[in-house]
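First the proteins, then the strands, lettered A, B, ... as listed; each starts at 1. In what follows, every heavy atom counts, from backbone to side chain, and hydrogens, waters and symmetry copies are set aside.
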Protein chains: 2
Amino acid sequence: MVTDRSPALDRVFHALAHPARRAILRSLADREQNLSELAAPLRMTFPAASKHVKVLERARLVRRRVVGREHICRIEGRPLGDADQWLEQFRRNWERNFLRLDALLDQMHAEERDRDSEHPKR
Amino acid sequence: MVTDRSPALDRVFHALAHPARRAILRSLADREQNLSELAAPLRMTFPAASKHVKVLERARLVRRRVVGREHICRIEGRPLGDADQWLEQFRRNWERNFLRLDALLDQMHAEERDRDSEHPKR
DNA sequence: GCGATCTGTAACCATATGGTTTAATATACA
DNA sequence: TGTATATTAAACCATATGGTTACAGATCGC
């Protein structure tokens with residue numbers, strides 16, 4: 001069971017809530033990249049891009065290793081799976097309740113038909 | 001194709017990034033509820049809870065209709081599906097690249113074996 | 001060693017977020 | 001008509017966010 005009270009989930013969804021950070025993730029889906037490579041396509045200064053990577057790291061969506069002067073980043077998939085799982089579980093729950101509502105409506109219609117056949121209008 | 005630059009997606013993920021808002025959604029998954037009912041279980045003042053509902057509305061995750069003095073809220077599923085879709089597409093992409101990496105490693109190992117068989121060490 | 005490169009840190013700014021308290025508005029009810 | 005109820009709005013506060021510029025450290029290549 002995925003609870004709503006989860007600082008980890010807070011950080012993951014917050015990390016996903018900015019287009020620059022989603023772009024960084026997408027960029028990293030192809031291959032590992034260092035900070036300069038990640039920052040280049042973003043229309044902002046390097047420090048701003050660096051902060052976005054830090055947000056992704058706090059959410060554990062990205063890990064970095066330092067090689068010489070380069071900081072090489074890669075995606076960590078598990079937290080993304082957590083977000084996925086929350087959404088999927090939620091959606092399932094919700095759809096189940098929709099089905100329940102449908103069943104209720106069917107039942108009401110059936111009862112209505114029963115009443116009509118017992119006490120025909122005509 | 002889901003793009004990274006999407007204010008709608010920004011709002012959805014941001015809305016999901018707070019435990020109170022996830023709790024509200026979960027509560028609404030069971031049944032429609034007015035603001036007082038939604039606010040009751042949250043450990044915060046009514047106005048604070050009301051603001052959270054507004055955030056969910058801005059993300060189009062929740063719709064309200066006014067009946068007398070009550071504001072009755074229900075979930076709107078489509079934007080949640082968008083988030084789901086982004087995550088799913090992203091995950092698929094990422095896993096595909098992982099498979100590609102596996103294939104590359106297999107290929108490298110195969111070439112290594114070929115070299116070894118052409119030039120045996122012993 | 002020296003200059004170019006990759007990154008971090010600090011200081012600053014405007015705005016957003018998440019909460020509070022208090023007051024105002026509209027509706028239901030007796 | 002008056003009172004309780006459901007909700008919004010306004011004012012305020014502390015902190016976070018997202019961006020900038022300027023500077024400080026490492027480290028690579030010559």
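Between C:dT7 and A:R64, no contact under 4.0 Å exists linking OP1 or OP2 to a side-chain N or O. Regarding contacts with the backbone of D:dG19, a side-chain N or O of A:H18 is found under 4.0 angstrom from either OP1 or OP2. The phosphate of C:dA16 has neither OP1 nor OP2 within less than 4.0 Å of any side-chain N or O from B:H14. Within the 4.0 Å cut-off from OP1 or OP2 of C:dG8, at least one side-chain nitrogen or oxygen of A:H71 is found. Proximity of A:H52 to the phosphate of D:dT17: no side-chain N or O atom is located under 4.0 Å from OP1 or OP2.
Taking the centre of each ring, A:H14 and B:H14 stay at or above the 6.0 Å mark. For B:W86 and B:F90, the ring centers sit closer than 6.0 Å to each other.
You'll find that the side chain of A:M44 is closest to D:dT20, out of C:dG19, C:dG18, D:dT20.
No engagement by A:R43 is indicated, since no non-hydrogen atom pair under 4.0 Å with the nucleic acid exists. As judged by a 4.0 angstrom heavy-atom cut-off over every strand, B:T45 is placed among the base-contacting residues. Using a 4.0 Å heavy-atom distance criterion, B:S36 is classed as a sugar-phosphate-only contact.
Spacing between atom CG of B:N34 and atom C1' of C:dT27 amounts to 13 Å, rounded to whole angstrom units. B:I72 places its CD1 atom 18 Å from the P atom of D:dT5, with the value rounded to the nearest Å. In this structure, the NZ atom of A:K54 is 14 Å from the P atom of D:dG19, given to the nearest Å. In this structure, CZ of B:F46 is placed 16 Å from P of D:dA10, rounded to the nearest angstrom. Going from atom NZ of B:K51 over to atom P of D:dC12 covers 14 Å, rounded to whole Å.
At distances below 3.5 Å, not a single donor-acceptor pair connects side-chain atoms of B:R11 with backbone N or O atoms of B:R60. One N or O on the side chain of A:R21 and one on the backbone of A:A15 form a donor-acceptor pair closer than 3.5 Å. With hydrogens and angles disregarded, a donor-acceptor distance shorter than 3.5 Å links the side chain of B:E37 to the backbone of B:N34.
For B:R69 and D:dT7, a side-chain-to-base donor-acceptor distance below 3.5 Å is absent, hydrogens and geometry of angles not being considered.
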